[in-house]
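A short write-up of the structure that comes next.
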Amino acid sequence: MSVIKVENLTKLFGNLTAVDNISFEVAEGTIFGFLGPNGAGKTTTINILCTLLAPTSGRVSIAGYDCLKNPSEVRHAIGIVFQDTTLDKDLTAYENLMFHAYLYDVKKSEIKKRINDALHFVGLHERKNDLVKIFSGGMKRRLEVARGLIHRPKVLFLDEPTLGLDPQSRANLWEFIVELPKKHNVTIFMTTHYMEEAEVCNNIAIIDKGKIIAAGTPEELKKSLGGDVIYIRTADNAKAKIEIEKLFNINVSEKDNELFLTTLKGDACIPELIKAVGEKVLSVRLQRPTLNDVFLKMTGKQIRDQNGSSEDTIREAVRAYRRRH
Ligand SMILES: Nc1ncnc2c1ncn2[C@@H]1O[C@H](COP(=O)(O)OP(=O)(O)OP(=O)(O)O)[C@@H](O)[C@H]1O
Ligand SMILES: [Mg+2]
């Protein structure tokens, strides 16, 4: 069942078309990634979905409520972690959450338990009486996620939740985010500039200049590039090329003394490939397309700030999560 429905949404700012006739749906209990370069229209879309901005045209509904006709119901159904932090730095962590609970009319008898549960969930319970102004960037982000959950929303919007955080804090925050759909029965709508983070999404839409230019699961998007590339070096490339082309019925190319071919299941092909070429094989390597390759192909741009070491840390966190489920 779809918890978010967007139909032909457009937003103009004067002459500028920030969001250009986009449509998509997000299934309940999933993580949806909305990716795009700077100025693509991500925050504008989120602001419309969160009822902070009126669309120029189109229809948007959340949890069955129309964002224009029933904004109050929509607001109760969502939680938001904004791109820029919005905590009150002169209040403690606990007081920030308390303030939020009052704003959302959470039942008095439930407030204490909900706040304590949320603080435990993001690992900040021991720091609950500290002023937010002495929190690190990662702690502030975790507190914002906790705050977004206090009124038990159906959808949680995370706009660049990890931007500016060090690799350790990013990995740490991800451990909480990936648990949210199951533990808190919430659907996640997130934007990020870190492509390796987008790997955890069930579905992704790539937006560029206001338009959705690709959508699907991370696997589908990567497959759309044509599959894995196998590189193979042999003692006799000319002969090996003929043998491989005959066996797999595909074109094999050569670059820098190395043969290469594109195939859907690269790892499964390698044993047959080696058998075909025999002892003439000198080396074989497999290159899997990444979401970064997808993004580059679709938008012609690198998504900003790729950082090798942080990618490794996030990948490890994602792998650990997958092992657990
Ligand atoms: N209130 C506004 N008035 C005029 N133009 C705006 C307004 N808000 C956004 N824009 C413009 O709309 C376009 C989309 O901006 P938006 O903030 O949605 O991009 P974004 O995808 O979130 O980018 P980033 O990755 O940098 O956060 C940009 O060209 C921006 O300058
Ligand atoms: Mg933005």
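When a ligand or atom number is given, it counts from 1 through the structure's own listing order. Keep in mind that this is a model prediction, so the values were computed, not measured.
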Q) Taking the six-membered ring for Trp, are the ring centroids of His76 and Tyr65 within less than 6.0 Å of each other? A) no

Q) Can you check whether His100 and His151 have ring centres sitting under 6.0 Å from each other? A) yes

Q: Determine, using heavy atoms of His193 and all atoms of ligand 1, whether some pair is separated by less than 4.0 Å.
A: yes

Q.
Quick check on the Mg ion (ligand 2): does Asn38 put an N/O/S atom closer than 2.8 Å to it?
A. no

Q | Thr191 backbone or side-chain N/O/S under 2.8 Å from the Mg ion (ligand 2) | A | no

Q | Lys NZ or Arg CZ of Arg170 over Tyr194 ring: under 6.0 Å, within 45° | A | yes

When you compare ligand 1 with [X], is there at least one nitrogen or oxygen pair between them that comes in under 3.5 angstrom?
X	value
Gly39	yes
Ala40	yes
Thr45	no
Gly41	yes

Q: Provide the number and element of each atom of ligand 1 under 4.0 Å from a heavy atom of Gln83.
A: 27 (O)

Q. Which of the atoms of ligand 1 are close to Ala18, meaning less than 4.0 Å from one of its heavy atoms?
A. 12 (O), 13 (C)

Q: Kindly determine whether Glu272 and Lys275 satisfy salt bridge (Lys or Arg N to Asp or Glu O under 4.0 Å), including the steps that lead there.
A: CA-CA 5 Å; Glu272 276 188 78; Lys275 219 158 80 189; over 6 Å; no

Q) Considering Lys11, Lys42, Lys209, which one's heavy-atom position lies nearest to atom 21 (O) of ligand 1? A) Lys42

Q) Which option, Ile46, Thr44, Thr17, owns the non-hydrogen atom nearest atom 15 (O) of ligand 1? A) Thr44

Check ion pair [X]-[Y] (N to O, under 4.0 angstrom):
X	Y	answer
Asp90	Lys133	yes
Lys246	Glu243	no
Lys223	Glu220	no

Q: Could you grab the angle centred on the Mg ion (ligand 2), going from OG1 in Thr43 to OE1 in Gln83, to 10°?
A: 80°

Q. How does Leu16 reach ligand 1, by side chain, by backbone, by both or by neither, if only non-hydrogen atoms under 4.0 Å count?
A. side chain

Q: Start with the C-alpha gap between Lys113 and Glu110, add the side-chain angles, then the distance that decides, and say whether salt bridge (Lys or Arg N to Asp or Glu O under 4.0 Å) holds.
A: CA-CA 6 Å; Lys113 181 173 182 330; Glu110 285 209 19; over 6 Å; no

Q.
Please give me the minimum heavy-atom distance between Gly79 and Pro153, naming the atom from each residue.
A. N-CB, 3.4 Å

